[in-house]
Amino acid sequence: MTKLIPIFIEGKKWVQLSQLTVDQAHSLKSYLPVLCLKKIFFHGIELSDCLDFDTYEYWFKSQQILGQRQALLDF
């Protein structure tokens, strides 16, 4: 799984769920409370599916650990 590069807006790091694959976005949405997704305006464009990068990074690392455990069980 490829890790997203954050977008810097007003000093904070964000990612957009629309940059993920459908499966990854679904997995992440099921992990999060609905209120975590934010609408952010950047240069007159509304980015409606943003998540702070720290939360995304925590989820990303947990998915890597789960994948490693599954690989060990498969072996």
Side-chain angles (χ1 to χ4, degrees):
M1 177 168 37
T2 303
K3 186 175 178 181
L4 295 179
I5 297 171
I7 304 165
F8 288 91
I9 301 172
E10 295 181 10
K12 289 188 73 176
K13 294 189 280 185
W14 300 92
V15 293
Q16 280 188 280
L17 293 188
S18 59
Q19 294 177 332
L20 296 170
T21 66
V22 173
D23 291 338
Q24 291 171 342
H26 179 58
S27 174
L28 183 51
K29 283 181 184 178
S30 67
Y31 172 81
L32 295 171
V34 176
L35 297 175
C36 285
L37 297 178
K38 305 291 182 193
K39 288 183 182 179
I40 299 173
F41 290 92
F42 183 64
H43 294 284
I45 300 170
E46 181 183 272
L47 308 174
S48 61
D49 59 347
C50 294
L51 178 67
D52 70 273
F53 184 73
D54 291 337
T55 302
Y56 165 75
E57 190 169 42
Y58 181 84
W59 171 82
F60 183 85
K61 287 178 182 178
S62 70
Q63 294 301 301
Q64 285 184 319
I65 291 169
L66 288 174
Q68 289 172 354
R69 286 184 184 164
Q70 186 61 42
L72 287 174
L73 292 174
D74 290 343
F75 184 67

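With sequence neighbours excluded, the residues satisfying side-chain contact (heavy atoms from CB on, under 4.5 Å) with Y58 are Y31. Contacts of T2 classified as side-chain contact (heavy atoms from CB on, under 4.5 Å), with partners at least two apart in sequence or in another chain: none. Take K3 and apply the salt bridge (charged side-chain N to carboxylate O under 4.0 Å, His left out) test, not counting sequence neighbours, and it matches E57. D52 meets the side-chain hydrogen bond (donor to acceptor under 3.5 Å, both in side chains) test with T55; sequence neighbours excluded. Residues satisfying the side-chain hydrogen bond (donor to acceptor under 3.5 Å, both in side chains) criterion with Q19, sequence neighbours excluded, are absent altogether.
Looking at heavy atoms from C-beta onward, V15 lies out of side-chain contact with I5 at the 4.5 angstrom threshold. Two residues are said to be in side-chain contact when any heavy atoms from C-beta on lie closer than 4.5 Å; P6 and Y56 fail this criterion.
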Throw together a table of side-chain donor-acceptor distances under 3.5 angstrom for residues 39-48, partners on residues two or more places apart or in other chains.
none

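For the atom pair K12 NZ and I7 CD1, the distance stands at 13.0 Å (nearest 0.5 Å). Note that the CG atom of L20 and the CG atom of L4 stand 4.5 Å from one another [nearest 0.5 Å]. The CG atom of L28 lies 11.5 Å from the CZ atom of F60; values are rounded to the nearest 0.5 Å. In this structure, the separation between CH2 on W59 and SG on C36 is 13.5 Å, given to the nearest 0.5 Å.
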**Candidate pair L51 and K38, rule side-chain contact (heavy atoms from CB on, under 4.5 Å), full reasoning** = CA-CA 6 Å; L51 178 67; K38 305 291 182 193; over 6 Å; no
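Nearest heavy-atom pair across Q16 and D49 is NE2-OD1, 3.2 Å.
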